[in-house]
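Atoms within a ligand are numbered from 1 in the order they appear, just like the ligands themselves. The chain is numbered in sequence order, starting from 1.
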Amino acid sequence: MQPVYDPGTVALSISIAALAFCGSLGLARWVRARIRMARAQPPAQGQLARGVLTDPLTGVPSRMLLDDRLSHAVNRADRANEGRRAGQIQARLALLFVDLDGFAAVNDSFGHATGDRVLQAMAQRLRGCLRDADSVSRVGADQFVLLLEDMGCEADALAVAQRVLAAVGQPVDLGERPLTLSCSIGIVIYPDHGRRDRLLSHAEAAMHQAKRAGGGGWALFDQGMGEDGRAQIELQEDLRAALQRNELLLHYQPKVDAGNGQIRSLEALVRWQHPRHGLLGPGQFIPVAERFGLINVLGGWVIREACRQLGAWSRQGLRLRLSVNLSVHQVRQGHVVEQIEAALREHAVSADQLTCEITESVAMEDTAATQAMLAGLARIGVKLSIDDFGTGYSSLSYLCKLRPQELKIDRSFVQDLETSTDARAVVDAIIHLARALRLTVVAEGVETRDQAQVLLALGCDELQGFFFARPMSVQALVAGGLLTSDGQDPVEFTASAYVPLG
Ligand code: C2E
Ligand code: MG
Ligand code: MG
């Protein structure tokens, strides 16, 4: 077992030292003073220490205790490997950084009490994957670190990772229905993968790599991932400058009427003209903006620019409808409705020309902040569209309460339409649901004529995707009477985009 600071022992040694010090003051006086102090003080120093060293929710060690254990484990490994060359290393240890996939959606959909139960169950399962000498600590809301000591080789750590994937993947019984989760694991081995003070950040970088690969798997750290971390920090610095230097721009992708092929509205999608890396898509910088606290500034710019463009079109006699995407951080912060209201006013744009697209998992957050924000949108008359529908955990009763104007069927179902009867059944069900709730239903990511035809037959209202038009600049929108998708299938960019929509 690892040496752990036992709070009882610490308290006892302090008392002995104090006794020795106070001998000259008179024991009886000192004891009385101690009793008074004890009465006056909040009760349990021991409890306090335990609270710092263990995580109160799951009972497993906290980050602080992990740091202590890790230092001891590294020292032991260093002593065992002393004087050996790289090829002769015998004592190794591993850190497995475990992050639950999509856990935010569990909290969002089932509430925090259920989320807590899931975390407790997961902590138990992780413990069950380990030997006595190993430990599991909780280091973040849904993040745990496993410390494996005395490892022979990498393969031992990979075997534990495999056990963890299987254990986390077992359904959790929540009473009504079982919930199945997965996790992403980053693995780092000491001393092979770098210095002690970098181990945790390297394990986390590897975990992010596993997540990027789709989750439900593990990734072993390699030096390139550390560089990736540095690249993100550089990108973040560039992004701050980009906001000052006007390097962001919006591209616009039409949504067309499934019946007559006319353009009903446009979706604004942000781009970054990076001075060295060229034109970047949102997937390359929105996560950086979210991670480094820039998303509200960036999102505010998108709202203002969308309204400025609507105003400019309006002055040319073109009354268009436009949607913008909102990030979860914008939805949770209090000012987005005011930002939108101010931008609409500044550019004399009517609220019904603007739609906010919010992904399903965010829209379903039944929290005071989200509700206030959605109520604010409704109050000022801006429409709500639920993006990527079918990928989150929708509560149908909450959907009725929300009353969005539009559902956008996620691209993944559209892609599988021609080959999967399941995907077709899901799309059919979403279209029926939208009909029942009198919502417009849009299919996104339509790439082929066959997909478009199936969607038309199923009764989808609007279609959006490369088959009709890719996202394009304002210049291309205006100049391009004709567009091509993938160099084939020329698509007439009808004048309908420029006709008042009434
Ligand atoms: P989204 O809102 O679901 O947008 C659809 C994405 O699918 C866009 O990618 C679009 O270019 C792409 N797409 C459209 N048709 C097709 C198709 O037929 N096939 C394929 N394979 N892809 C298609 P993009 O522009 O890279 O945007 C990705 C995501 O980034 C968006 O997903 C949205 O969630 C987010 N995003 C874009 N602009 C903004 C923004 O201004 N603010 C925030 N917060 N997020 C944004
Ligand atoms: Mg969207
Ligand atoms: Mg989408």
> Got a sec: does the CZ of Arg424 have more than 12 other heavy atoms crowding it under 6.0 Å?
no

> Below 4.0 angstrom, N of the basic side chain to O of the carboxylate: do Arg264 and Asp461 qualify?
no

> Does Arg411 come within less than 4.0 Å of Asp387, counting only side-chain N to carboxylate O?
no

> Take the Mg ion (ligand 3) and tell me which protein N, O or S atoms are nearer than 2.8 Å.
Asp387 OD1, Asp388 OD1, Glu444 OE1, Glu444 OE2

> Just checking Trp313 against Tyr252, ring centres under 6.0 Å apart?
yes

> Which atom pair, heavy atoms only, marks the closest approach of Gly445 to Val414?
O-CG1, 3.7 Å

> So does Glu305 pair up with Arg308, basic N to acidic O under 4.0 Å?
yes

> Less than 3.5 Å apart, N/O on ligand 1 and N/O on the protein: could you list those pairs with the distances?
{"unit_1": "ligand 1", "atom_1": "2 (O)", "unit_2": "Glu267", "atom_2": "OE2", "d": "3.0"}
{"unit_1": "ligand 1", "atom_1": "2 (O)", "unit_2": "Asn325", "atom_2": "OD1", "d": "2.8"}
{"unit_1": "ligand 1", "atom_1": "2 (O)", "unit_2": "Asp387", "atom_2": "OD2", "d": "2.9"}
{"unit_1": "ligand 1", "atom_1": "3 (O)", "unit_2": "Asp388", "atom_2": "OD1", "d": "3.2"}
{"unit_1": "ligand 1", "atom_1": "3 (O)", "unit_2": "Glu444", "atom_2": "OE1", "d": "3.4"}
{"unit_1": "ligand 1", "atom_1": "7 (O)", "unit_2": "Arg411", "atom_2": "NH1", "d": "2.8"}
{"unit_1": "ligand 1", "atom_1": "15 (N)", "unit_2": "Gln253", "atom_2": "NE2", "d": "3.0"}
{"unit_1": "ligand 1", "atom_1": "18 (O)", "unit_2": "Phe466", "atom_2": "N", "d": "2.8"}
{"unit_1": "ligand 1", "atom_1": "19 (N)", "unit_2": "Glu447", "atom_2": "OE2", "d": "2.5"}
{"unit_1": "ligand 1", "atom_1": "21 (N)", "unit_2": "Glu447", "atom_2": "OE2", "d": "2.9"}
{"unit_1": "ligand 1", "atom_1": "22 (N)", "unit_2": "Arg411", "atom_2": "NH1", "d": "3.3"}
{"unit_1": "ligand 1", "atom_1": "25 (O)", "unit_2": "Arg271", "atom_2": "NH1", "d": "2.9"}
{"unit_1": "ligand 1", "atom_1": "25 (O)", "unit_2": "Arg271", "atom_2": "NH2", "d": "3.0"}
{"unit_1": "ligand 1", "atom_1": "38 (N)", "unit_2": "Val270", "atom_2": "N", "d": "3.1"}
{"unit_1": "ligand 1", "atom_1": "42 (N)", "unit_2": "Asn325", "atom_2": "O", "d": "3.3"}
{"unit_1": "ligand 1", "atom_1": "44 (N)", "unit_2": "Ser327", "atom_2": "N", "d": "3.4"}

> Would you check if the side chain of Gln353 reaches a backbone N or O of Ser350 as a donor-acceptor pair within less than 3.5 Å?
yes

> Can you tell me which N/O/S atom of Glu267 has the shortest distance to the Mg ion (ligand 2)?
OE2

> Above 12 or not: heavy atoms from other molecules or residues under 6.0 Å from NE2 of His277?
yes

> Run the salt-bridge test on Lys255 and Glu267 with the 4.0 Å N-O cut-off and return the result as yes or no.
no

> Please assess Leu326 against Met373 for the test side-chain contact (heavy atoms from CB on, under 4.5 Å), listing each intermediate value before the final yes or no.
CA-CA 11 Å; Leu326 297 187; Met373 186 268 172; 3.3 Å; yes

